[in-house]
Amino acid sequence: MNIDSAAGPSTEKKKPVVIIAIGMAGAGKSTFVQQLTTHLHAKSPPEPPYLLNLDPAVVNTPYEANIDIRDTVDYHEVMKQYNLGPNGGILTALNLFTTKLDQVLEIVEKRADNVKYVVLDTPGQIEIFTWSASGAIITDAIASSLPTVVAYVVDTPRSTAPATFMSNMLYACSILYKTKLPFIVVFNKTDVEPHGFALEWMQDFEAFQAALATHHGTTDSDGEPTYMNSLMNSMSLVLDEFYKHLKAVGVSSVTGAGMDEFFAAVEASREEYEKEYLPELARARAQREATLQKKKDESMNRMMKDLAVDRERNPRAAALDLWDPNEEEDEDDGGEMDIIDRNEDPWPGQYIDLTQARHKDDDPTVWPRPA
Ligand SMILES: Nc1nc2c(ncn2[C@@H]2O[C@H](COP(=O)(O)OP(=O)(O)OP(=O)(O)O)[C@@H](O)[C@H]2O)c(=O)[nH]1
């Protein structure tokens, strides 16, 4: 953070917070990211965020991304070469981009001292990011190096019907339990529809049930509650528990209303990340390492036993099988940077189309085809 010079040399610099903007198509993610940027630029001194666009299919972004997936993967080429439709194309483009994730992280970490926020705009088709392996890899990799928060953008005017609201909240719930990251529900477009009704439904399940009872289509021709109505009634009790684990704010990405509240929620989420997510991450990592070490030890013991048996059976071959210290080691292929950080000066031929690699005779790379 930019405050440490004022706070004295002993104060440790805070890491930037990564905000992952997720939401249904048309919820306003890109406009929200643009409004975040405007808000941070307007601060004194300005705090421009570091922006990553992960939507390969977006035609225009209303902000200038620092790293843009479209610089690395040509989504139309991916569709053509792999014979895919739009969703398959976006998913495959994201998979190809994920193969370069180490470079992205390296660049982001280099910028970490100079920015307070890193913002990720995700593909319009929500499930492509939230339910794909690459989405999970990107989220986990980022969250294991920097404090990360999910901003789940909701189209408020389209969520006023209890059934739509509940579907949206169930989706949010599934993302929360999948990522386990601090979670902010951002009720967007409050200039069109204030989000008071949503907060009330989240705080008081009886208010939600009352809204459900009065909403048309929730009773059958005999005036009895429909199956859907009963289901949603029960679900509202389940979701009541889930609502306790998240923060909710209302914003307008057009007027900028609610942005201060959003950033207050982000700061609270940073603390939550440090207190809850990090220890859990360390525990899971230690467990994984212990399991891996156990497996390694087991296979090493097995191999040593097999080797001993082989040597006993064939002592002549064993005598020839010696390590030669003069033998040359395999050379490291060096980490050539392909990801473009737009903050740096452009250079000729910086555009790298990953999909074109398949066509170069001298390049043996074969991109994996989707299953
Ligand atoms: N009135 C109003 N309109 C908004 C607001 N935020 C976004 N919009 C509009 O909603 C539409 C969708 O916004 P986008 O930012 O493109 O939504 P998105 O979620 O990025 O959409 P995808 O590209 O499909 O992922 C656009 O017409 C925006 O102008 C808001 O706060 N208020």
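Computation of the quantities below employed the complete heavy-atom set of this structure, encompassing side-chain atoms and omitting hydrogens, waters and symmetry-equivalent molecules.
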Same cluster for [X] and [Y] if Ile/Leu/Val/Met/Phe/Trp/Tyr side chains link at under 4.5 Å?
X	Y	result
Val254	Val153	no
Leu231	Met166	yes
Val58	Leu51	no
Trp131	Phe129	yes
Tyr177	Ile138	yes

Please find the pair of heavy atoms, one from [X] and one from [Y], that lie closest to each other, and give the distance.
X	Y	value
Ala141	Leu105	CB-CD1, 3.8 Å
Gly89	Met79	CA-CG, 3.8 Å
Leu94	Gly135	CD2-N, 4.4 Å
Ala163	Met232	CA-SD, 3.4 Å
Val115	Pro48	CG1-O, 3.8 Å
Pro16	Ala112	CD-O, 3.4 Å

Distance check, rounded to the nearest 0.5 Å: [X] atom [atom1] versus [Y] atom [atom2]?
X	Y	atom1	atom2	answer
Leu40	Gln35	CG	CD	10.0 Å
Arg285	Leu281	CZ	CG	4.5 Å
Ile175	Ile20	CD1	CD1	10.5 Å
Lys296	Met303	NZ	CE	13.0 Å
Thr98	Lys100	OG1	NZ	12.0 Å
Leu120	Leu52	CG	CG	5.0 Å

### Message
If you apply the rule side chain to side chain contact (heavy atoms under 4.5 Å, CB included), what do you find for Tyr243 with Val185, and how did you get there?
### Response
CA-CA 10 Å; Tyr243 293 148; Val185 181; over 6 Å; no
### Message
Quick one, His195 with Val249, criterion side chain to side chain contact (heavy atoms under 4.5 Å, CB included). Give me CA distance, side-chain angles, the key distance, then yes/no.
### Response
CA-CA 8 Å; His195 66 301; Val249 295; 5.9 Å; no
Is the ring pair [X]/[Y] parallel, tilted or perpendicular, if the boundaries are 30 and 60 degrees?
X	Y	answer
Phe197	Trp201	perpendicular
Phe242	Phe183	perpendicular
Phe262	Phe32	perpendicular

Keeping [X] on the side-chain end and [Y] on the backbone end, is there a donor-acceptor pair under 3.5 Å?
X	Y	value
Arg70	Tyr75	no
Thr214	Ala210	yes
Lys189	Arg158	no
Lys29	Gly23	yes
Asp155	Met24	no
Ser252	Thr190	no

### Message
Run the side chain to side chain contact (heavy atoms under 4.5 Å, CB included) test on His39 and Lys43 for me, step by step, so that the C-alpha distance in whole Å, both residues' side-chain angles and the decisive distance to 0.1 Å come before the verdict.
### Response
CA-CA 7 Å; His39 182 84; Lys43 290 203 162 213; 4.0 Å; yes
### Message
Strictly by side-chain hydrogen bond (donor to acceptor under 3.5 Å, both in side chains), give each pair with a member in residues 298-309 just once, sequence neighbours left out.
### Response
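The answer is none; no pair qualifies.
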### Query
Side chains of Tyr152 and Asn168: donor-acceptor distance under 3.5 Å anywhere?
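Checked: Tyr152/Asn168 side chains pair up, N/O donor to acceptor below 3.5 Å.
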### Message
Less than 3.5 Å apart, any donor N or O on the side chain of Glu193 or Thr156 sitting next to an acceptor on the other?
### Response
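No - no donor-acceptor pair under 3.5 Å links their side chains.
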Side-chain heavy atoms of [X] within contact of [Y], under 4.5 Å:
X	Y	answer
Val251	Glu261	no
Tyr171	Ile22	no
Leu181	Val149	no
Lys116	Val17	no

### Task
Among Asp121, Thr38, Thr37, find the residue that satisfies the side chain to side chain donor-acceptor pair (under 3.5 Å) test when tested with Tyr63.
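Of the listed residues Asp121, Thr38, Thr37, the side chain to side chain donor-acceptor pair (under 3.5 Å) partner of Tyr63 is Asp121.
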### Query
In terms of heavy-atom contacts, does NZ of Lys178 have more than 12 from other residues, nucleotides or ligands at under 6.0 Å?
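Count over threshold, so yes.
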### Query
Counting only heavy atoms not in His245, do more than 12 sit closer than 6.0 Å to its NE2 atom?
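More than 12 heavy atoms, drawn from other residues, nucleotides or ligands, come within 6.0 Å of this atom.
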### Task
Apply side chain to side chain contact (heavy atoms under 4.5 Å, CB included) to the pair Arg270 and Val266, showing each step before the final yes or no.
CA-CA 6 Å; Arg270 173 204 289 279; Val266 169; 6.0 Å; no
